[in-house]
Trainee: 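Structure in structure tokens, see below.
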Amino acid sequence: MKKKKYFSKKKRVQQQKRVRNFVERPSGRKEEYAKVNGGVFVYSKPLSVADLSKAINVPVPAIIKFLFMQGKAVTINQLLDDETIGTICLEFNYDFKKEAVVDEEHFDQLEIHDDPKDLVERGPVVTVMGHVDHGKTTLIDAIRHSDVASHEAGGISQAIGAYQKEYKGKRITIIDTPGHAAFTAMRARGASVTDIVVLVVAADDGVMPQTIEAINHARAAKSAIIVAINKMDKPGADPQKVKEQLMQHGVIAEEYGGDVICVNISAKTGKGIDNLLEAILMKAEMLELKANPNRYAIGTVLEANLDKGEGPKATLLVQNGTLSNSDYVVVGDIYGKIRRMVNEYGQIIHSAAPSCPVSVTGLSSVPTAGDRFMAFPSEKEAKSVAEKRALANKEKQRGANAAMNLDDLNNLINAGKIQDINVIVKADTDGSAQALKASLEKLSNDKVHIKVIEAEAGAISDNDVLLASASHAIVYGFNIRPDARIRQKAEEEHVEIRLHRIIYELLDEMSDAMKGLYKTEMVENVTGQAEIRHIYKITHVGTIAGSYVTSGVIAADSKIRLIRDGIVVYDGKLASLKRFKDDVKEVKQGYECGFSIANFNDIKEGDLIEGYALVEKK
């Protein structure tokens, strides 16, 4: 006979107090369609006189009499429109609010509205960003090591990529530098996890390309910015110059009339670290960060991996509610029961409050960074919601397109809609990038405003693709070529990359799209890429490139480009294509080959050769 499991009185009270996150946005249960919350009548569907009477505790005859005096004759089961419901609520001393219905499988769309008396202060979630070598890691270490004494001697064993720092009795959650790409990947999936971005700028170097990039990412995530001017111990430190440079990019310090707190620090010596922590707490207080711990938890995946010993592991950031051991959770479109939950020191914990990062095991498979999660009271419910979300994701992927493309723009113009269009420009030189930026922005008119959110020299990177996905932008490449990996990434993120070598053709294409005249006729199809690994100089023949085909097929009669560090060096045709000593028509992925380029010998190891063809798009 199975023993009955008993809980202490305290445990039963805690379980009873935890509520579903979609109580505020009903999921089909009659009692949740309408309720009074803090003197406000909240409803989400058309109500009859009887439903309204029960919800606001006013007798049916009183409602019917009031409406009759207003010239409206209604019956007990008659549905009331929103205007009538509002009039009745005001008459009987209730404010009112209508909310849209969100099904439980769409919990990532919930806007939680708690009773103010249930809210408690939560710690801020902070991400450190900045240019390479400006001291991000040193700063994080300086903050982390100051906490060693209270935990363990000799150093901290970081079990997860986020940790909490207690300062003056308050907790600050710091996400261990995820890099701009990971940060934007979460933003692209709709996850806004960071309250404050600490922008690290070296006092001797000033604003650098990745500093500007970090500013763009912080703005895309709509996070508050605090500037940490680092390396103040160096002789060439000039904090005023840094502040003036930041002004050019819209980051205005408080002393210049802006709202951005700037703190002078030296992560190396530890000077100013306390001032930075004070600034974070001050900014958090201004943001009034609060959450309700008495809910089933909802939050975001920071990172995930497959552990050989423990199976799927995920670092979760609890953003509202409390996550408890043995809770059933849905993460993205997978589910599981939390078997083990540890903090950043590898210590097993039994619950995690709002703003707390934890590493959990027990999921059915590995989730994706940026996925939302929510706890449910039963396995049956969690499994049902996960299955519905998986089905919805399949449907969405069939026709989804996260970023804007020229066909979208063309359709919007023809439909008479005004549209802002974001563009990212990458070119072979900075001069070309800035010229394109100026030319594209001049094309703006009363229907379409073109905003170039990034214009830089260099190859198209993962970060550019993710930023385009997050900001719904088109990526224009001028005289550069993305490699096969970047093309695949763009395809996965549904980002359109447009490539040109003649500036007026690029501008004409955008201009025609804005006029609603854009037609896709000839499009470029990349057939394959090969990496050049050895160079052979042969008299009377020229330079032979020993290569390995990394993707697709290299054909002897196709057009080719030679690409060096993402920049197109030469565009032409192959003179010969061989496998060992034999001439061949094509070489497929995974095979080695040798080739020479017609009328071109400046080939180097590490260069890429790209085959392409122009095809008609119907």
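Side chains are part of it too, since the values below use all heavy atoms of this structure and drop only hydrogens, waters and symmetry mates. No experiment lies behind these values; they were computed from the predicted model shown.
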Trainee: How far apart are the C-alpha atoms of R219 and V251, what are their side-chain angles, what is the distance that settles it, and do they pass the side chain to side chain contact (heavy atoms under 4.5 Å, CB included) test?
Mentor: CA-CA 10 Å; R219 284 177 175 157; V251 179; 4.0 Å; yes
Trainee: May I ask you to test the R485-D462 pair for a side-chain heavy-atom distance under 4.5 Å?
Mentor: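 Yes, at least one pair of side-chain atoms sits under 4.5 Å.
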Trainee: Quick one: does K426's side chain get under 4.5 Å of E456's, heavy atoms only?
Mentor: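 Yes, at least one pair of side-chain atoms sits under 4.5 Å.
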Trainee: Quick check: closest heavy atoms across R561 and D571, and the distance to 0.1 Å?
Mentor: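 Smallest heavy-atom distance, with atoms named: NE-OD2, 3.5 Å.
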Trainee: Are D508 and S511 linked by a side-chain donor-acceptor pair shorter than 3.5 Å?
Mentor: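 Side chains of D508 and S511: no pair found under 3.5 Å.
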Trainee: Under a 4.0 Å threshold between the charged nitrogen and the carboxylate oxygen, would D602 count as salt-bridged to R564?
Mentor: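 D602 and R564: salt-bridged.
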Trainee: Between T194 and T127, what is the shortest heavy-atom contact and its length?
Mentor: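 Shortest heavy-atom contact: OG1-OG1, 2.8 Å.
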Trainee: Is there a side-chain contact between H449 and I421, using heavy atoms and a 4.5 Å cut-off?
Mentor: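 Sidechains of I421 and H449: no contact.
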Trainee: Please lay out, stage by stage, how L246 and V207 fare under the test side chain to side chain contact (heavy atoms under 4.5 Å, CB included).
Mentor: CA-CA 7 Å; L246 288 169; V207 173; 3.7 Å; yes
Trainee: What is the distance from atom CD1 of I597 to atom NZ of K573, rounded to the nearest 0.5 Å?
Mentor: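 It comes to 14.0 Å.
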Trainee: Rounded to the nearest 0.5 Å, what's the gap from CD1 on I532 to SG on C593? Could you check?
Mentor: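 These two atoms lie 9.5 Å from each other.
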Trainee: For K585, is there an ion pair with D557 - N to carboxylate O distance below 4.0 angstrom?
Mentor: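 No, this pair does not count.
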Trainee: Would you please classify the geometry between the Y476 ring and the H500 ring as parallel, tilted or perpendicular, with 30° and 60° separating the classes?
Mentor: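 It falls in the tilted class, 30° to 60°.
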Trainee: Do E509 and E505 have side-chain heavy atoms sitting under 4.5 Å apart?
Mentor: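 Side chain of E509 against side chain of E505, heavy atoms only: no contact under 4.5 Å found.
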Trainee: Has the side chain of T173 got a donor or acceptor atom that lies under 3.5 Å from a matching backbone atom of V125?
Mentor: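 Here the side-chain-to-backbone pair does not exist.
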Trainee: Could you tell me whether the side chain of N601 and the main chain of T543 form a donor-acceptor pair under 3.5 Å?
Mentor: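 Yes: the side chain of N601 pairs with the backbone of T543.
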Trainee: Would you indicate whether the side-chain heavy atoms of I460 and L499 approach each other to under 4.5 Å?
Mentor: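 Yes, their side chains come closer than 4.5 Å.
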Trainee: Using the side-chain contact (heavy atoms from CB on, under 4.5 Å) definition, which of the options L139, L199, V197 pairs with V128?
Mentor: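 Result for side-chain contact (heavy atoms from CB on, under 4.5 Å) with V128: L139.
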Trainee: Donor-acceptor pair, distance only, cut-off 3.5 Å: does the side chain of T211 make one with the backbone of M208?
Mentor: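 Answer holds: yes.
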Trainee: Once rounded to the nearest 0.5 Å, what's the spacing between atom CD of Q245 and atom CG of D238?
Mentor: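 Going from CD on Q245 over to CG on D238, the span is 8.5 Å.
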Trainee: Taking side chain as C-beta onward, heavy atoms only, is F595 less than 4.5 Å from I554?
Mentor: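 Answer no - side chains too far apart.
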Trainee: Take L577 and D583 through the side chain to side chain contact (heavy atoms under 4.5 Å, CB included) test and state the conclusion after the steps.
Mentor: CA-CA 6 Å; L577 179 65; D583 289 318; over 6 Å; no
Trainee: For the atom pair CD1 (I334) and CG (L363), what is the distance rounded to the nearest 0.5 Å?
Mentor: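 Going from the CD1 atom of I334 to the CG atom of L363 covers 5.0 Å.
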Trainee: Are side-chain heavy atoms of L507 and I503 found at a separation under 4.5 Å?
Mentor: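 They are in contact (side-chain heavy atoms under 4.5 Å apart), so the answer is yes.
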Trainee: Donor-acceptor check, side chain of R579 to backbone of E592, threshold 3.5 angstrom: yes or no?
Mentor: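 Yes, because the side chain of R579 sits within donor-acceptor range (under 3.5 Å) of the backbone of E592.
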Trainee: Nearest 0.5 Å, what's the CG-OG distance between D333 and S365?
Mentor: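 Going from the CG atom of D333 to the OG atom of S365 covers 7.5 Å.
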Trainee: Looking at side-chain heavy atoms only, is the closest gap between L506 and L440 below 4.5 Å?
Mentor: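 They are in contact (side-chain heavy atoms under 4.5 Å apart), so the answer is yes.
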